[in-house]
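Computed over heavy atoms, backbone and side chain alike; hydrogens, waters and symmetry mates excluded. Note that the coordinates shown come from a computational prediction; the quantities given were computed from them, not determined experimentally. Start at 1 with the first residue, then count along the sequence. Both counts, for ligands and for their atoms, begin at 1 and track the order of listing.
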Amino acid sequence: MKGNFPIDKFQQIRTPFYYYDTDLLRETLRAINNEASKHEGFVVHYAIKANANRKVLNVICQAGLGADCVSGGEIERSIEAGFPSQKIVYAGVGKSDWEINLGLDCNIFCFNVESIPELEVINELAEKKGKIAQVAFRINPNVGAHTHANITTGLAENKFGIAMQDMEEVIEKASKMKNIKFVGLHFHIGSQILDMTDFIALCNRINDLQNQLELHHIKVENINVGGGLGIDYNHPNRKPIPDFKDYFDTYAQHLNLRPGQKLHFELGRAVVGQMGSLITKTLYVKQGTAKQFAIVDAGMTDLIRPALYQAYHKIENISSEEPCETYDVVGPICESSDVFAKAIDINKCHRGDFIAIRSAGAYGEIMASQYNCRKLPTGYITEDFK
Ligand SMILES: *Cc1c(COP(=O)(O)O)cnc(C)c1O
């Protein structure tokens, strides 16, 4: 089964481009709101870094989600898109002064702080402005996620967060700072996680930490468990909306929330991954000595995940119904790693055929580069073709 695309409307547009199915996006957002609202105190943020296309952000913002930012640029972009600053959280190991000042000026909900030196700088900058910065501490829970090594973030060896054994000292320090208000704990163990036992491990760890803090009479208003829920890259059409029921139920069942406590989520990939496809045109079909290449006009500059993480994306020839043949689908960039897939079977390719590279809504357009002086790809939404 292939995806549904308004191919006749694609003819006039310069390829490659991203196509975002906003009907699917809205359905996905409805599922998120529907499942999260079944649990008291659950608050969902969208991780802007997955896809910061303005049209996409508008749809997500209208659904009422908050924004999870990892840079000053993302704070600017999310405010521009209409996210209320009181729903913005800001994480990152290396926040620069202008970014912290921007967060303070915008009165964002919370800085997710990753070190004591950072906490000191936020306190100092907040004092200059006569403001109180709300902070949560990002704790490294030393919980592994069964995902690609480059996208696991919650192990002691990773650069992210504050070590568990330093947690109390840091909270103590914060409580003595005049321009800091401690409001919560933050975690994020990695990305593309499909095994709920990874999230259960995080819940268990948080339960232990909370018990420990209660012994010291430290109250935590907000727990933020980050994002990381994965999508089915192998079958983008089979169940395009991730199992949010299972995801939120897992946290409801395993995390012991205290009365009045809020539980925050920061979902990126699971919100936007399946609604996006990279649409590219076949330039040439080339017979190599041992293989057959479909050379397309999109490259690793448009979608870097296959080159960077050896990520799999389903590829469909959406212009042809002829019997399948085996191709290496490659881009035009002068790098051997500029390969979308090797030895895949797709409908027979001809010059000019549209190829859809599926499940590319997350970490696609936003990671595009201009290497080889390439134009950045444009993102179109369903409404653009009506
Ligand atoms: C990347 C990131 C997320 C989103 O991750 P997904 O796997 O796309 O859900 C959430 N929180 C933080 C802190 C992140 O760095």
Side-chain angles (χ1 to χ4, degrees), residues 25 28-29 31-32 36 43-53 56-57 60 65-71 73-75 78 83 87-95 99 103 108-115 118 135-141 143-155 158-162 184-196 198-199 202 222-233 241-244 247-248 250-251 263-276 305 308-309 311 359-367:
L25 176 59
T28 305
L29 290 161
I32 291 171
V43 182
V44 183
H45 304 262
Y46 166 64
I48 304 287
K49 77 171 192 274
N51 184 326
N53 181 287
V56 169
L57 289 187
I60 296 171
L65 274 67
D68 162 43
C69 298
V70 293
S71 72
E74 287 190 358
I75 295 176
S78 43
F83 287 93
K87 285 187 181 177
I88 294 178
V89 293
Y90 173 28
V93 279
K95 301 180 186 75
E99 294 176 304
I108 61 169
F109 174 63
C110 180
F111 292 86
N112 292 329
V113 171
E114 309 215 11
S115 68
E118 180 194 333
V135 307
F137 292 112
R138 177 166 180 176
I139 306 297
N140 186 327
V143 169
H146 298 93
T147 183
H148 193 281
N150 289 0
I151 51 177
T152 180
T153 54
L155 285 173
N158 297 127
K159 69 177 175 182
F160 299 99
I162 292 165
L185 298 177
H186 177 231
F187 306 84
H188 175 68
I189 56 171
S191 202
Q192 185 51 19
I193 297 166
L194 291 164
D195 185 347
M196 290 302 125
D198 290 334
F199 295 125
L202 174 63
N222 300 279
I223 304 281
N224 183 332
V225 291
L229 179 63
I231 60 170
D232 187 351
Y233 282 96
I241 299 178
D243 194 342
F244 294 111
Y247 175 72
F248 289 120
T250 297
Y251 276 101
L263 182 60
H264 300 255
F265 299 85
E266 302 169 335
L267 294 171
R269 190 189 311 270
V271 182
V272 292
Q274 294 294 33
M275 61 104 199
R305 301 189 67 257
L308 189 61
Y309 310 124
S359 313
Y363 308 106
E365 183 185 350
I366 193 68
M367 290 179 102

**Student:** What does the list of residues with a heavy atom under 4.0 Å from ligand 1 look like, ordered by chain and number?
**Tutor:**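 Residues near ligand 1: A47, K49, D68, R138, H186, H188, S191, G227, G228, E266, L267, G268, R269, Y363.
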
**Student:** Please report whether the ring centroid of F109 lies less than 6.0 Å from that of H45.
**Tutor:**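 Between H45 and F109, the centre distance exceeds or equals 6.0 Å.
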
**Student:** Going by the rule salt bridge (Lys or Arg N to Asp or Glu O under 4.0 Å), which residues pair with E118 if we only count those two or more places apart in sequence or in a different chain?
**Tutor:**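 Expected list: K95.
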
**Student:** With sequence neighbours excluded, tell me which residues meet side chain to side chain contact (heavy atoms under 4.5 Å, CB included) with N53.
**Tutor:**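 N53 satisfies side chain to side chain contact (heavy atoms under 4.5 Å, CB included) with Y20, N51, K55, V56, E365 only.
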
**Student:** Is Q192 reaching over with its side chain to a backbone N or O of I231, donor-acceptor style, under 3.5 angstrom?
**Tutor:**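 Pair found, side chain donor or acceptor close to backbone of I231.
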
**Student:** Between Y251 and F265, does the ring centroid distance fall short of 6.0 Å?
**Tutor:**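 Aromatic pair counts; centres sit under 6.0 Å.
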
**Student:** Who pairs with S359 by side chain to side chain donor-acceptor pair (under 3.5 Å), at least two apart in sequence or on another chain?
**Tutor:**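 Listed in chain order: Q274.
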
